[in-house]
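Whatever order the structure lists them in is the order used to number ligands and atoms, beginning at 1. What you see is a predicted model, and the numbers here were worked out from it, not measured in a lab.
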Amino acid sequence: MPIKKVEKIWMNGKLVNWDDATIHVLSHVIHYGSSWFEGIRCYETAKGSAIFQLDRHIRRLFDSVKIYRTEIPYTPKEIEEAILATIRANKMRSCYIRPVVYRGYGDVGVNPLPCPVDVTIAVWEWGSYLGPEALSQGIDVCISTWNRPAPNTLPAMAKAGGNYILSQLMKVEAIQGGYKEAIALDVDGNLSEGSGENLFVVKNGIIYTPPLTSSLLPGVTRYSVLQLAEEAGHKVRETSLPREMVYIADELFFTGTAAEVTPIRSVDNIKVGDGKPGPITMSMQKAFFDVVKNGNDTHDWLKFIYND
Ligand code: PMP
């Protein structure tokens, strides 16, 4: 989806004009993938504009950076205020929010430590990530020929820019094979996650999702859906899952800030259930949209941004 330009981007403490938000080509991040970022959504709910799970996203950003022995030169509260200021400066009612922390310009070589830690926050308008019909009809996916990183290689719990070079291998292979998205296996051949989504499997009325030891990002939507599922009285299991579970599942779905709750209707051209989004998937999608669209927030997950 092409980026729709807005007015301002927050860069190292200042709101600058969109076209001035540039960096030097010799910035460390460009050569060595040294960035950490978040993808957050602000929704125009029935009760006003609100950011979904802002605290949890900011905490994950600080965790990602900490894994790499790096420090953000702002407090979580300052990042929160900067996000709010960026949305308000652009007068957005709903948007995608992209904070990025990166090693900037100043030194050459792999060692990141002499390079500055820069922070930017951009917002833009964004609709459905996997196409307008994905949410209602479901998507066709494949199992990737690429695995997620083995333990003690690239840390999957960090949302680091460099990790997405693997996600790109998965995504391009999927698209060129005629699929919308791919599911990767972990190093043991068990189910892991999509290129930018967590995976859920429904079988015999039980909702399964792979555990953090299967090399995946601790998704904020994953966490939220697990909680909503438990509250709705479903049996939920976070457990290691063999590949073949996707072929015999009753239902499958992806979760993510961009993907929201997206049903999967086939894997490797094998229909999931009867090939239509299943009832548990759609009930979880409904429960999620009840929070972010209707603004029915019983968990303190929404941060309202305007006084209206
Ligand atoms: N896995 C990966 C690799 C991702 O990039 C994302 C998107 N951030 C997710 C899972 C879903 O995470 P969240 O629900 O926090 O957006």
Show me the short polar-atom pairs for ligand 1: any N or O of it lying under 3.5 Å from a protein N or O, with distances only.
from	atom 1	to	atom 2	distance (Å)
ligand 1	1 (N)	E193	OE1	2.6
ligand 1	5 (O)	K159	NZ	3.3
ligand 1	5 (O)	Y164	OH	2.4
ligand 1	8 (N)	K159	NZ	2.8
ligand 1	14 (O)	V220	N	3.3
ligand 1	14 (O)	T221	N	2.9
ligand 1	14 (O)	T221	OG1	2.5
ligand 1	15 (O)	R60	NH1	2.8
ligand 1	15 (O)	R60	NH2	3.0
ligand 1	15 (O)	V220	N	2.7
ligand 1	16 (O)	T257	N	2.8
ligand 1	16 (O)	T257	OG1	2.6

- Task: Could you tell me how the ring of F288 sits relative to the ring of Y43: parallel (under 30°), tilted (30 to 60°) or perpendicular (over 60°)?
- Result: perpendicular
- Among pairs that include at least one residue of residues 2-21, which meet salt bridge (charged side-chain N to carboxylate O under 4.0 Å, His left out), considering only residues two or more places apart or in two chains? K4-E125, K5-D19
- Message: Within 45 degrees of the ring normal and closer than 6.0 Å to the centroid, is that where the cationic atom of R56 sits relative to Y223?
- Response: yes
May I have the list of side-chain donor-acceptor pairs in residues 75-85 shorter than 3.5 Å, sequence neighbours left out?
from	atom 1	to	atom 2	distance (Å)
T75	OG1	E78	N	3.0
T75	OG1	E78	OE1	3.4
K77	NZ	E80	OE2	3.4
E78	OE1	T75	N	2.8
E80	OE2	K303	NZ	3.2

- Message: I'd like to know whether R98 forms a salt bridge (Lys or Arg N to Asp or Glu O under 4.0 Å) with E38, so could you lay out the CA-CA distance, the side-chain angles of the two residues, the decisive distance to 0.1 Å, and finally the verdict.
- Response: CA-CA 6 Å; R98 170 56 57 81; E38 275 303 316; over 6 Å; no
- Query: Under the salt bridge (charged side-chain N to carboxylate O under 4.0 Å, His left out) rule, what pairs show up with a residue in residues 129-149, not counting sequence neighbours?
  - Reply: D140-R265, R148-E193
